[in-house]
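Input: a single structure, listed below in structure tokens.
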Amino acid sequence: MCSFLVFVASYGTWKTRKTKNMDGYIRANRAAPWYIVTLSIMATQASAITFISTPGQAYVDGMRFVQFYLGLPIAMIILSITAVPIFHKLNIYTAYEYLEKRFDLKNRILSSLLFLTQRGLAAGFTIFAPALILSVILDLNINIAIFTMGGLVIIYTTVGGSVAVNKTHIQQMIIIMTGMFSAFFMIIYLLPPDISFRDAAFVAGKMGKFNTIDFSFDLENRYTFWTGIIGGTFLMLSYFGTDQSQVQRYLGGSSITQSKIGLLTNGIVKIPMQFFILFTGAMVFVFFQFVTPPLFFNPVQEGYVKSGTYSDEYKSLEKKYEVLKNEKQNQIREMLSSIDEKKESQVASIEKEIDDITKEENQIRNEAIALIKKTNPGADTNDTNYIFLTFIINYLPIGLIGLVLAAIISASMSSTSAELNALASTTVIDIYKRLIKKDASEAHYLKISKITTVLWGMYAIAFALFANNLGTLIEAVNILGSLVYGTILGIFLVAFYLKKIQGTPTFIAALIAEFVVLYCFFYTDIPFLWFNFIGCALVIVIAFILNIIISNHKIKSI
Amino acid sequence: MANKIKEEPNHSDESPPILGSWNKIYFLVFMVLIILIILFYIFSMAFD
């Protein structure tokens with residue numbers, strides 16, 4: 001694993017050390033064929049958070065998170081029709097350059113700043129996630145792990161820019177897919193001999209983990225078909241159409257056709273990939289029905305309580321948990337026999353008993369968490385992010401542990417590098433070059449780009465040090481995005497489709513929309529996926545109304 | 001004053017490498033989505 005880390009950083013740095021101009025640093029010389037665009041888009045989006053947190057999400061909440069991605073193909077189609085031709089034709093370096101041409105400077109700066117704020121913080125998350133792994137495996141202080149991970153990515157991204165990002169994405173995606181497939185097949189192999197793959201699927205299904213499509217109209221339910229199709233479409237439109245970390249990936253396409261095919265291929269491939277990762281999490285759940293898992297998956301916090309004042313109480317809870325788990329195993333085997341014998345009423349009755357046992361297990365877990373909190377009041381009681389890690393470290397053979405961890409760390413490096421490159425590009429092109437130093441040489445802007453890459457890397461590291469207290473990572477990252485994406489998307493949709501609306505009404509509408517979204521986040525229980533739709537809709541509607549008012553006012557003034 | 005951006009020739013009417021038109025490609029992607037939703041639903045029901 002360490003060899004791989006050093007290899008990727010060294011390879012990326014060495015192969016791209018001759019990147020000498022802004023076109024190479026930001027757009028990888030616009031030479032990428034469609035499959036590089038696809039791989040790069042996927043590698044940018046699939047961070048370590050995807051691989052650590054998503055299986056845990058399925059373990060706890062079932063596979064319904066897959067609905068989050070249902071809007072992706074629709075978004076890819078829309079972007080292929082609108083954004084890709086416009087961005088290529090304008091020969092721009094950042095998505096926000098387009099906004100100045102369409103509106104005015106203030107819209108460009110507002111969008112840039114919203115992007116920089118959100119993406120800078122998100123980059124902190126993507127550094128934190130693999131640092132978590134290193135700190136658990138190598139028994140390292142997590143802060144040291146954060147500095148190590150962040151530092152390595154900063155090195156090759158600073159030296160090679162977008163070319164380095166693209167080149168390393170290829171190796172990283174190969175490792176990622178190899179690692180995940182290996183982990184999956186090992187899970188199936190490690191199931192008890194009397195439990196087939198089909199049995200495992202029934203266990204997961206009967207215990208509510210295969211809740212992939214939910215057609216209910218429940219506005220308080222985070223993941224349904226409707227939040228995925230509507231909210232998800234808007235989120236993906238915004239992420240891929242207005243977030244520079246993704247726009248930069250397909251701006252590097254060698255032609256409009258290559259960029260379009262790259263985006264559309266991502267739209268087809270991403271959903272099955274996420275399904276597979278969630279399914280892996282569901283199989284980890286099944287595995288832990290036949291092997292008693294730890295009462296609490298965070299080994300550090302569990303270690304504290306077991307060596308503290310409440311050690312005896314905790315161990316007593318562990319014994320009760322083991323007894324319940326054994327009882328549940330027997331019930332599960334009986335249920336599988338009843339399924340084979342097609343005794344449906346018996347299956348339903350056993351399912352009810354399994355549910356009752358699960359409730360007792362949850363009660364014991366809550367008591368254990370209370371003890372953890374008493375031992376360490378500052379402890380994070382959400383252990384979802386440690387579930388897949390626990391399985392990898394304790395149950396995979398040594399060689400595979402290294403491969404899977406290399407995959408997870410690759411995913412982190414691939415996302416972080418793209419994010420840092422995008423942050424630097426936006427800072428230099430939209431802020432520095434546009435407002436501060438307009439007519440410097442190419443070499444000067446390249447140097448500033450490298451400096452800002454380092455500075456953003458340091459900023460991300462600083463936020464990573466804070467990220468430990470923010471719950472399930474995969475949700476935190478997407479919640480953060482949803483706070484600004486809707487507003488930015490609204491600005492771009494007005495720009496693309498509502499040609500009569502001017503810059504000032506759009507700008508004011510964006511400010512109001514952002515205020516409303518933040519209010520909803522802090523003071524309401526609206527599921528976060530709706531923020532994208534709310535922000536976007538508000539920008540469009542308010543801009544439309546304000547444009548009429550301002551136009552009428554101008555006519556009256558004349 | 002808007003920042004000047006050098007425009008490139010419009011290549012947006014290039015044909016795709018397969019199927020002959022972009023609308024057919026978009027339809028294909030959309031149909032893949034529909035098929036995936038149906039498959040996921042069947043999958044959920046099959047093991048519930």
Side-chain angles (χ1 to χ4, degrees), chain A residues 34 62-64 66-67 69-74 76-78 80-81 84-86 88-93 97-98 100-105 108 198 201-206 208-215 225 228-229 255-258 260-261 264-265 267-268 271-272 275 279 433-434 438, chain B:
Chain A
W34 67 269
M63 291 176 65
R64 63 188 188 131
V66 75
Q67 294 168 116
Y69 296 94
L70 293 181
L72 178 66
I74 300 171
M76 297 298 97
I77 292 170
I78 295 171
S80 293
I81 296 169
V84 173
I86 291 174
H88 262 269
K89 181 184 160 195
L90 292 176
N91 195 23
I92 53 178
Y93 285 85
E97 282 186 85
Y98 163 68
E100 184 175 0
K101 182 168 178 60
R102 167 64 177 86
F103 294 126
D104 48 37
L105 180 60
R108 177 180 179 177
R198 176 179 168 275
F202 269 112
V203 171
K206 291 291 182 191
K209 300 305 171 189
F210 286 174
N211 49 353
T212 50
I213 299 288
D214 177 2
F215 287 114
F225 173 81
I229 281 288
S255 68
I256 292 175
T257 298
Q258 298 299 313
K260 280 184 177 181
I261 297 292
L264 293 167
T265 307
I268 293 174
I271 297 177
F275 178 91
F279 188 74
K433 187 178 177 188
R434 183 62 185 86
K438 298 182 185 179
Chain B
M1 182 185 291
N3 194 24
K4 290 198 181 296
I5 299 174
K6 185 182 170 188
E7 295 190 11
E8 286 196 337
N10 188 355
H11 295 298
S12 60
D13 55 354
E14 288 174 5
S15 296
I18 56 169
L19 301 183
S21 80
W22 285 109
N23 285 343
K24 287 180 184 171
I25 302 252
Y26 302 146
F27 182 73
L28 172 67
V29 171
F30 186 72
M31 286 313 298
V32 167
L33 172 65
I34 299 298
I35 290 167
L36 284 172
I37 292 169
I38 294 170
L39 287 174
F40 289 168
Y41 187 72
I42 294 171
F43 168 81
S44 300
M45 295 296 109
F47 295 104
D48 187 354

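Chain naming here is simple, since letters A, B, ... match the order of the sequence lines and numbering starts at 1 in each.
For a residue to count as touching a neighbouring chain, one of its non-hydrogen atoms must lie under 4.5 Å from one of that chain's; by this rule Val84(A) does not touch chain B. In this structure, chain B has no heavy atom under 4.5 Å from any part of Met76(A). Residue contact with chain A, scored on non-hydrogen atoms closer than 4.5 Å, involves the side chain of Ile25(B) exclusively. Only the side chain of Ser255(A) comes within contact range of chain B, with heavy atoms under 4.5 Å apart. At a 4.5 Å heavy-atom cutoff, Tyr93(A) makes no contact with chain B through either its backbone or its side chain.
Legend: residues meeting salt bridge (Lys or Arg N to Asp or Glu O under 4.0 Å) with Asp214(A), ordered by chain and number and at least two apart, are absent.
Of the inter-residue distances, the one linking Ile81(A) atom CD1 with Ile86(A) atom CD1 reads 11.5 Å to the nearest 0.5 angstrom.
Counting all heavy atoms, side chain and backbone alike, Ile77(A) lies closest to Tyr26(B) at CD1-O, 3.4 Å.
In Phe43(B), the CZ atom is crowded: over 12 heavy atoms of neighbouring residues, nucleotides or ligands sit closer than 6.0 Å.
Residues in residues 29-40 of chain B take part in no side chain to side chain donor-acceptor pair (under 3.5 Å) pair, two or more places apart or across chains.
Your options are Ile18(B), Leu39(B), Ile37(B), Leu28(B), and the one with the most heavy-atom pairs under 4.5 Å with chain A is Ile37(B).
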